[in-house]
Amino acid sequence: MRLLVANGYVIDPAQQVNAGKNLLIEDGRVIGLLDRSDPIPEDAELLDATGLIVAPGFVDLHVHLREPGQEYKETIATGAAAAVAGGWTSICAMPNTDPINDNPAVTRFIIEQGQAARLANVFPIGALTKRSEGRELAEMGEMKNAGIVAVSDDGRPVPSSGMMRRAMEYARGFDLTVVDHCQEPSLSAGGVMHEGRWSLILGLRGMPAAAEEVDAIRDCALAKLTGARVHLAHVSTRGALDAVRRAKDTGLNVSCEVAPHHWTLTDEAAAEYDTNTKMSPPLRSQDHVDAILEGMKDGTIDAIATDHAPHHADEKALEFDEAPFGITGLETAAGLAFELVHRGLIGLERVVEMCATNPARIFSLHDRGCLLPNAHADVTILDPQIEWVFDVKHSKSKSRNTPFHGRTMTGAAVATIVGGRLVYLHPDYTRINETRQHRASAK
Ligand SMILES: [Zn+2]
């Protein structure tokens, strides 16, 4: 089975390609990029990408899929469906399921469910400590053999620096990246939003930016001490970004990701007590948002990750203090990234770098995040100009907790290819369809 993605504009930072090219795929792998003047291989099926961007498949380092244990919020299959609808060809699943992914049986279960769904590639992240309780190290070696791609106690940050040091040393032995949700619990305990002017006005308990900054600085110091590969999840503060910038300047193996809501919204969004503005880390004040935009521009921020965190409507209907943290994000991330491109803040190449090239490198996902010969044929096809309104009623996720319902966006993923198979086509999008039908009827 050969597939030619024809007439598109290929952006692949891994091979410094930024040009009109045809992409040839066979048996789930990339054959190569062809010049548009090259003859079209006769037996190839054609996907017309005229006017579209053809990028390596997007890799999301941070999703919560809720299976096993909370399938009423999301299953691996529904999460994977939301992923490909948002242009994500690979998603990395955090271990805070029920039971927690701290052993190879759970790891294998997640991988099997992902394969059965046949949509996005699903890569499990293993727990750092048993039951993510921060007391005893998890069996990282056994989980790595079963297929985990990183380790983390995301959502339950390791409180003890001594335990984090041992976890980093242990993870280093297995060549696993340690992902940390930076939040010093004794500073953030009881907080439901960013500590600042708005928490004061709204009478809600705040989480100070310093809670994130303290742990980010700690993790950078421990990366230096242990030589481990350390990745800071959903960085939301100026102080944490400064810590990452310094760590990189001194050659440490430290990387970080940012979630779209943290560059799109400020803590003022919580003014209506809408629980869809409650997440952890919380929405921050404008100065922190500005720091994130600077970090995206200057390369301090390596990756865009969604922190997709589905919750049932009944849970989010609770009062702000009681509602769970988190929002869905797989289907809105690309549109929100395009907002930055259209505002002239970053280029499209940088978006591809943060959504595909860098994430694949950070978790050592070999032969992904690029369109080099023999790479997995995971492809995200983008239309930078398509105007659309995000309607949560049409979301592929089981959950509806998003602050972006009704937002008009320009730019979206319109077709998603995983392992050489077209697994998603934008519903309003007919051009690719028509071409395919045209070709089929001509045969
Ligand atoms: Zn987290």
Side-chain angles (χ1 to χ4, degrees), residues 60-66 70 73-74 79 91-98 100-102 123-129 131-134 138 148-159 164 167 177-185 187-194 207-209 211-216 218-219 230-237 239-241 243-244 254-263 265 275-284 288 292 301-311 315 323-330 333 359 362-363 399 401-403:
D60 190 345
L61 298 180
H62 195 143
V63 302
H64 299 273
L65 296 180
R66 309 303 188 202
Q70 293 187 308
K73 297 185 183 194
E74 193 82 287
I91 47 178
C92 303
M94 281 295 177
N96 62 335
T97 44
D98 183 16
I100 285 186
N101 182 20
D102 64 357
F123 295 111
I125 297 169
L128 210 56
T129 62
R131 293 175 298 280
S132 289
E133 285 172 346
I148 61 163
V149 294
V151 282
S152 180
D153 278 350
D154 180 64
R156 293 190 66 175
V158 178
M164 189 51 122
T177 302
V178 174
V179 183
D180 195 20
H181 175 137
C182 293
Q183 203 169 71
E184 210 289 312
L187 286 171
S188 62
V192 296
M193 68 175 294
H194 174 63
M207 293 184 251
E212 177 172 297
E213 191 176 345
V214 164
D215 263 12
R218 173 194 79 171
D219 286 351
V230 175
H231 178 70
L232 305 190
H234 43 49
V235 167
S236 66
T237 59
L241 285 168
V244 171
V254 172
S255 56
C256 72
E257 72 194 24
V258 64
H261 44 271
H262 285 130
W263 76 66
L265 302 172
T275 57
N276 287 327
T277 62
K278 180 179 178 181
M279 59 284 282
S280 179
L283 299 174
R284 303 286 186 184
H288 295 292
I292 287 171
I301 291 167
D302 299 274
I304 290 173
T306 64
D307 194 10
H308 178 79
H311 289 295
E315 297 163 313
F325 292 104
I327 59 167
T328 59
L330 287 165
I362 290 166
F363 281 3
S399 290
N401 50 311
T402 168

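Start at 1 and go down the list; that is how both ligands and their atoms are numbered. Remember, predicted model here, so these are calculated numbers, not experimental data.
Residue S236 forms a side-chain hydrogen bond (donor to acceptor under 3.5 Å, both in side chains) with just one option from H262, Q183, E212, and that option is E212. For the side-chain contact (heavy atoms from CB on, under 4.5 Å) with T306, the qualifying choice from V63, I91, L61 is V63, the only one to do so.
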Derivation of the side-chain contact (heavy atoms from CB on, under 4.5 Å) call for V258 and V235: CA-CA 5 Å; V258 64; V235 167; 5.6 Å; no
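Note: H194 and H288 have perpendicular aromatic rings, judged against thresholds of 30 and 60 degrees for the angle between ring planes.
Counting only N and O atoms by type, the side chains of D307 and H64 include a donor and acceptor under 3.5 Å apart.
For the Zn ion (ligand 1), protein N, O or S atoms closer than 2.8 Å were enumerated as D154 OD1, H181 ND1, H234 NE2, with waters left out.
Residues that satisfy the salt bridge (charged side-chain N to carboxylate O under 4.0 Å, His left out) test with D302, not counting sequence neighbours, are K248, R361.
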